[in-house]
Amino acid sequence: MQVVLGSASPARRRVLRDAGVDPIVRVSDVDEDRVAAALGPDAPPETVVTTLARAKADAVAGRLVLDDPTVAADAVVIGCDSMLFHDKALTGKPHTPSAAIAQWHRVRGHSARLLTGHSVLRVSEGVVTASAEASTSTTVRFADVDDATVAAYVATGEPLEVAGAFTLDGFGGWLIDGIDGDHSAVIGIGLSVIRTLLAEVGVSVTDLWS
């Protein structure tokens, strides 16, 4: 059985590899903004991240037969999506330095919830035979750093393409006072919830350890 990670995130791949699973990486190319917009402004934040995770997993699973027919014979596809929920608003990747700086000015000295949606698909002979989804919520306590520190962090480029404009396992780790919840989920993929979802689709995580 092959494990396929539907994400370009090196952090997610690193979490899995450090935990004994070396996934095949296939980027979904899902238009996250379009999927989120289709849900409407009143969709619960947990629904948004879980729907995005499923959309990514579906996109990757749908291409397996053409791209990797051998893999499609027996595989598990994992999709994930993370967003920060603060002051009744969800934020994803800032993309630009100005947006990242504005995000940090809003959250510094405050707590926010990092929500991560997870989707696991069991694929057999190119067909999805089982699926399971869930989200996690971890409280992140942001340090009350000054403008110069925010500017220096954004200048590293690290926060531009990560949810909530921060990381826990890079430069951003210096600027986080603490978390309440799943450390791996904040990095991008919660090992505990993935273990549970694998069991729901009939796969034991220990069978995937390399």
Side-chain angles (χ1 to χ4, degrees), residues 1-40 43-83 92-93 114-138 161-163 182-210:
M1 181 183 297
Q2 300 283 347
V3 177
V4 182
L5 176 62
S7 172
S9 167
R12 289 189 178 117
R13 184 183 185 188
R14 186 168 59 250
V15 168
L16 288 176
R17 293 185 72 177
D18 288 348
V21 175
D22 191 9
I24 297 169
V25 173
R26 294 290 181 267
V27 181
S28 68
D29 293 327
V30 164
D31 186 337
E32 298 176 26
D33 293 336
R34 182 186 61 80
V35 173
L39 293 172
E46 293 82 1
T47 298
V48 174
V49 295
T50 305
T51 300
L52 284 165
R54 177 61 190 259
K56 294 177 181 180
D58 280 340
V60 171
R63 295 200 306 263
L64 275 184
V65 174
L66 294 177
D67 296 345
D68 301 283
T70 302
V71 174
D74 191 15
V76 169
V77 178
I78 300 173
C80 299
D81 189 83
S82 298
M83 299 184 80
K93 303 169 184 175
L114 196 285
L115 303 175
T116 300
H118 303 75
S119 177
V120 172
L121 307 181
R122 179 75 183 270
V123 179
S124 180
E125 301 302 330
V127 177
V128 175
T129 59
S131 65
E133 288 82 43
S135 66
T136 59
S137 174
T138 303
E161 298 300 326
V162 290
D182 186 341
H183 173 273
S184 59
V186 177
I187 296 175
I189 181 168
L191 295 179
S192 176
V193 69
I194 290 294
R195 184 197 71 240
T196 300
L197 297 179
L198 286 169
E200 289 184 23
V201 300
V203 177
S204 171
V205 69
T206 58
D207 292 336
L208 305 179
W209 290 348
S210 56

What is the minimum heavy-atom distance between Ser119 and Ala57, and which atoms define it? OG-CB, 3.8 Å
Is the backbone N or O of Ser82 less than 3.5 Å from a side-chain atom of Thr116, with the two atoms forming a donor-acceptor pair by type? no
Any non-hydrogen side-chain atom of Asp22 less than 4.5 Å from a side-chain atom of Leu16? no
Met83 vs Leu52 side-chain heavy atoms within contact, under 4.5 Å: yes
How close do Arg122 and Gly202 get, heavy atom to heavy atom, and via which atoms? NH1-O, 3.8 Å
Quick one, Ser9 with Ser7, criterion side-chain hydrogen bond (donor to acceptor under 3.5 Å, both in side chains). Give me CA distance, side-chain angles, the key distance, then yes/no. CA-CA 5 Å; Ser9 167; Ser7 172; 4.5 Å; no
Is any side-chain heavy atom of Val3 closer than 4.5 Å to one of Ile78? yes
Just one of Lys56, Arg12, Lys93 clears the salt bridge (charged side-chain N to carboxylate O under 4.0 Å, His left out) bar with Asp81, so which one? Lys56
Thr51 vs Val35 side-chain heavy atoms within contact, under 4.5 Å: yes
Check for a donor-acceptor pair, side chain of Asp68 on one end and backbone N or O of Val71 on the other, with a separation under 3.5 Å. no
Show the numbers, then the answer: is there a side-chain contact (heavy atoms from CB on, under 4.5 Å) between Val77 and Leu64? CA-CA 10 Å; Val77 178; Leu64 275 184; 3.8 Å; yes
Which is it for Thr196 and Glu200 under the side-chain contact (heavy atoms from CB on, under 4.5 Å) test, yes or no, and what are the steps along the way? CA-CA 6 Å; Thr196 300; Glu200 289 184 23; 3.9 Å; yes
Sequence-distant partners of Arg54, side-chain hydrogen bond (donor to acceptor under 3.5 Å, both in side chains), two or more places apart: Asp58, Ser131, Glu133
Val193 and Asp182: side-chain contact (heavy atoms from CB on, under 4.5 Å), yes or no, with the steps? CA-CA 9 Å; Val193 69; Asp182 186 341; 5.6 Å; no
Taking all non-hydrogen atoms of both residues into account, name the closest pair between Ala36 and Val48 and its distance. CB-CG1, 4.2 Å
Is a side-chain N or O of Thr47 found less than 3.5 angstrom from the main chain of Ala43, in a donor-acceptor match? no
Would you give the length of the straight line joining atom CG of Leu115 to atom OG of Ser137, rounded to the nearest 0.5 angstrom? 5.0 Å
Side chain to side chain, Gln2 and Pro23, heavy atoms closer than 4.5 Å: no
Under the side-chain hydrogen bond (donor to acceptor under 3.5 Å, both in side chains) rule, collect the residues that match up with Arg195, sequence neighbours excluded. none
Could you tell me whether the side chain of Ser210 and the main chain of Gly20 form a donor-acceptor pair under 3.5 Å? yes
Which heavy atom in Leu191 sits nearest to a heavy atom in Ala19, and how many Å separate them? CD1-CB, 3.8 Å
Is there side-chain contact between Met1 and Asp207, with at least one heavy-atom pair below 4.5 Å? no
Taking the side chain as everything from C-beta on, heavy atoms only, tell me whether Val123 gets closer than 4.5 Å to Val76. no
Can you see which heavy atom on Ala185 is nearest to which on Thr138, and at what distance? CB-OG1, 4.4 Å
Treating His118 as the side-chain partner and Gly190 as the backbone partner, does any N or O pair qualify as donor plus acceptor under 3.5 Å? yes
Do Leu121 and Val201 come within less than 4.5 Å of each other through their side chains, counting heavy atoms only? no
When every non-hydrogen atom of Ala59 is compared with those of Ser28, the smallest separation belongs to CB-O, 4.0 Å
